[in-house]
There are 2 protein chains.
Amino acid sequence: MPKTTRRADGHPGNRYGNRPTMKDVAARAGVGLKTVSRVVNGEPGVTPDTERRVQEAIDALGFRRNDSARVLRKGRTASIGLVLEDLADPFYGPLSRAVEEVARSHGALLINGSSAEDPDRERELALALCARRVDGLVVIPAGDDHRYLEPEIRAGVATVFVDRPAGRIDADVVLSDNFGGARDGVAHLIAHGHRRIGFIGDMPRIHTAAERLRGYRAAMEDAGIPVEDRWMSLGVTSPERVRRAAQEMLTGPEPVTAVFAGNNRVTVTVVRVLAEQSRQVALVGFDDFELADLLRPGVTVVAQDSAALGRTAAERLFRRLDGGPVTPERIELPTRLIARGSGELPPAR
Amino acid sequence: MPKTTRRADGHPGNRYGNRPTMKDVAARAGVGLKTVSRVVNGEPGVTPDTERRVQEAIDALGFRRNDSARVLRKGRTASIGLVLEDLADPFYGPLSRAVEEVARSHGALLINGSSAEDPDRERELALALCARRVDGLVVIPAGDDHRYLEPEIRAGVATVFVDRPAGRIDADVVLSDNFGGARDGVAHLIAHGHRRIGFIGDMPRIHTAAERLRGYRAAMEDAGIPVEDRWMSLGVTSPERVRRAAQEMLTGPEPVTAVFAGNNRVTVTVVRVLAEQSRQVALVGFDDFELADLLRPGVTVVAQDSAALGRTAAERLFRRLDGGPVTPERIELPTRLIARGSGELPPAR
DNA sequence: CGCGCACCTGACAACGTTGTCCAGGCTCTA
DNA sequence: TAGAGCCTGGACAACGTTGTCAGGTGCGCG
C-alpha cells in the first residue's frame, strides 16, 4: 500500500500550518534538495541560472529555513541566554542591551528571562535555556548555589556570572568593586565632617549588599568611628520599610547626619524621606540613576557602569566560545564617585 | 563492515562536547529509548522501578533533553519573540517584563532583540525569530512596511504589534491613545491660561509622534488658537537638538509660556533647559518617568501604562495561539493625566 | 579523438526526539 | 487451567536540515 500522506505516522502536523520545506522548494524548482540547501546558505558551486530558479521558488513559497533542524544537525544555536533579576529595573536595561550588542556582533541572538530574585526560578530558567542548547549563558545570580549548572558547564555551555559571584562552583564572574565603592562613598561623607552615618541596604545574603556593608564598616573603622547598631538597617527592600528605617535613624537624641543608601531603589526612597525633613541630611547612594543631577540638591552617588558589566561578561563568554581561556577568572570593575551636592552637605545641628 | 563510530558522516560533532542523549541514558539504564522519553516527559505507563533506574541514569550522565530535536518533532517551540526598540529605554523595561510574565504563565520563553529604531534591523530580527520558529511575535515597529511578515503570518506565526501600528498589512495592534492623551495634555495647559504653547516631538514618520502632534493641533484648534510654525519642533531626537529647539522657542519677542514634550527623553531634556531659565515656563510631558514627582516643580505628565500595553498584546497573542480570534483588531488603551505642578504654572510675563 | 579534470548536482545518512504500533508477560475470570 | 484483556516496553519511522560522496556533464589538451 503506497503512502497516502506526508504524515504517515501520527506527527501532529505543524502549528505553522505546514510551512514549505527545502524539499518543497526543490520540487518546485526542479532541483535536488541539497542544491536548495546550498543556495539558502550561500555555498559555492551553484550555477547562476540554477540559483535564480531556486530563489524564485523560495520567494514564491515563502520558504524560511527551519533553524531547529539546522541546530540539530550543526550542534550550535548561535544564541546565548541571559538570566537576570528584573528587566523592568533600570539597572539591568543597559546591561541587557550591552550583552545583546555583543551577541549581535557575533551573529548570535539573545534569549532572556527574569528570575525575580527567586533562586528556584533562576534555576528553572537557566536549565530551560540549556535545554534550548544556547551556546552560552550570562547569569545574574539570584540563588547562592549553582552546582546545578555543573553538568552544563562540563558539557561546554560557556557560562559567565555578572554582578554577583556564583555560589559553590568555580566560574567566571564580572562584578563591580562594591566594597571599594561603598568605602569611598562613606569616606566621602566622613571627609565632609560626618560621624553619625546611617546605612540602609539589602539582605546581606545578597553578595553585593554584603560587600557594600563591608565597605561601610571599613570606612568607619578607618576613621576610628565605632558603628552603632541603630545606624544600620539591613534586608529592607520595600519602599515602606526603607521609609520607616530612614525615619527611625533620623529621629531620637542622636540622629544620623548622613545616610549611605545601598542601592538605587533605596536611594530614591531616601530622597523622598529627606525631602520631608526640616533639617538637611547628607546622602550618598550606590548606583547612579537618571535625573540624579536635577534634584535639589543633586544626589551624590557611587556609580557603577552596568553596560560595561554586561559588555565585559559577554565578551568573555564569546572569547570562551572561540576556544579562549579555560581558567575561571574574577573580573572587578571600578566604581566612580560622582559628587552632586547631597554628599557634600555638612552635618546639620 | 561494522560502524566504528557514532559519527560515520562528517557531522561536526557537537560544541557541547557530546552531550548524552536519550539513547545513552537508555543504554545505561538497560531500557528502551522510548521508555526514557516517557520518563523525561512524565508520560504514564512506566513501572516505578523502571522509572527509578532511568532517573538514576539521567542524573549520573547529566542528561538534558535537546529541545531542538523536540521542536523539530513537535512543531511548536513554546517560545515567543519580542522585537523592541531599545531595551535600555525605561519605557520598554516594564513592557518587556509584562510580555515575559504572560509568556511564562503560558509556559513559554521569551526571545528578544532591539531594533535600535532601524527598519532593516527590525526586519532582520523578526525574520531570524521566525527561522527559530517562535510560536508568536510581538513587534514594536521601527519601519513602516511590514509586508515582509505576510508569509510568516500566513504560515501561522501569531503576530501582534504594540505601541505603533503595522505598516501596509492588516494585523493586531495594541497602542495608547496618543492623540487623545496629547490633546488632553495641551488642553490642560490651555485651561491654565496658556496660549503660546510649544511642541517638541520626534519625527512625524513615527506613528506615535504624528498622533501626538495631531493631538496638539486639535487642542489648539479647539481653543481657537492659531499655531505658529516656530512653536513646533519636529524630528528632534538628540538631547543637543532638543535643547536648542527649546531655547529657540523660549527666546524672541513672543516666547512660548508653556511646552508640551512629545516623549520622555524630550521631557527630561526640557526639564534641564527650563531649570536654567529665570522665568517659569509650564511643562507637560508625554510618558511618565521615575522621580517626576521629586523635581521642583513636579512634572505634569500624560502617562501611558507600558506594562499594560505589553500584557494586553501578549494575552492577545496567546489567545490567537489557542485558536482564538482571526480578525485583526486595533486595541487602544487610555492615557492618564497626572498633575504635579509643572503643568499648572500660570503663563509668566 | 580520447582522456583527465574541474565543476555541478543529487542520493543518502545522520542529528535527537516523539507518535504509532505490536509483542510479550501478567492478571483475572470462567 | 485456558482464554481474554490489560499493561509495560521497545522497534521503527519521521520531523527538516547538512556533510559526504559519487555520478554526470562539458571542456581543454595531448
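Only this structure's heavy atoms are used, side chains among them; waters, hydrogens and symmetry mates stay out. Reminder, nothing fancy here: chain letters follow the sequence lines and each chain counts from 1. Everything numeric here is computed off the predicted structure, so don't read it as measured data.
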When the distance from [atom1] of [X] to [atom2] of [N] is rounded to whole Å, what number comes out?
| X | N | atom1 | atom2 | answer |
| --- | --- | --- | --- | --- |
| B/Arg133 | D/dG16 | CZ | C1' | 9 Å |
| B/Leu72 | C/dC15 | CG | P | 14 Å |
| A/Leu33 | C/dA14 | CG | P | 16 Å |
| A/Leu61 | D/dG16 | CG | C1' | 15 Å |
| A/Arg70 | D/dG19 | CZ | P | 8 Å |
| B/Asp67 | C/dC15 | CG | P | 19 Å |
| A/Lys34 | D/dC21 | NZ | C1' | 11 Å |
| B/Asn66 | C/dA14 | CG | C1' | 14 Å |

Test item: [X] and [Y] side chains (from C-beta on) under 4.5 Å apart, heavy atoms:
| X | Y | result |
| --- | --- | --- |
| A/Arg19 | B/Glu152 | yes |
| B/Arg70 | B/Asp67 | yes |
| A/Arg65 | A/Asn41 | yes |

Counting only distance, no hydrogens or angles, is the base of [N] paired donor-acceptor with the side chain of [X] under 3.5 Å?
| X | N | answer |
| --- | --- | --- |
| B/Arg38 | D/dG10 | yes |
| B/Lys23 | C/dG16 | no |
| B/Arg65 | C/dG16 | no |

Mind grabbing the angle between the end helix axes of the helix from C/dC1-D/dG30 to C/dA30-D/dT1? Five pairs an end, 10° rounding. 50°

Salt bridge or not for A/Arg104 and B/Glu124, using N-O below 4.0 Å? yes

side-chain N/O [X] vs [N] OP1/OP2, d < 4.0 Å:
| X | N | result |
| --- | --- | --- |
| B/Ser37 | C/dT18 | yes |
| B/Thr35 | D/dG10 | yes |
| A/Lys74 | D/dG19 | yes |

Give a yes or no answer on whether the side chain of B/Ser96 reaches the backbone of B/Tyr92 with a donor-acceptor pair at less than 3.5 Å. no

Is the A/His106 ring parallel, tilted or perpendicular to the A/Phe318 ring (thresholds 30°, 60°)? parallel

Near DNA chain C, which residues from residues 40-57 of chain A have a heavy atom under 4.0 Å away? A/Gly45, A/Val46, A/Thr47, A/Thr50

Of the listed nucleotides (C/dT17, C/dG10, D/dG19), which one gets closest to any side-chain atom of A/Arg73? D/dG19

In terms of side-chain heavy atoms of A/Val31, which of D/dA14, C/dG10, D/dT17 is nearest? C/dG10

For the residue pair B/Thr77 and B/Asp135, confirm or rule out a side-chain donor-acceptor distance under 3.5 Å. yes

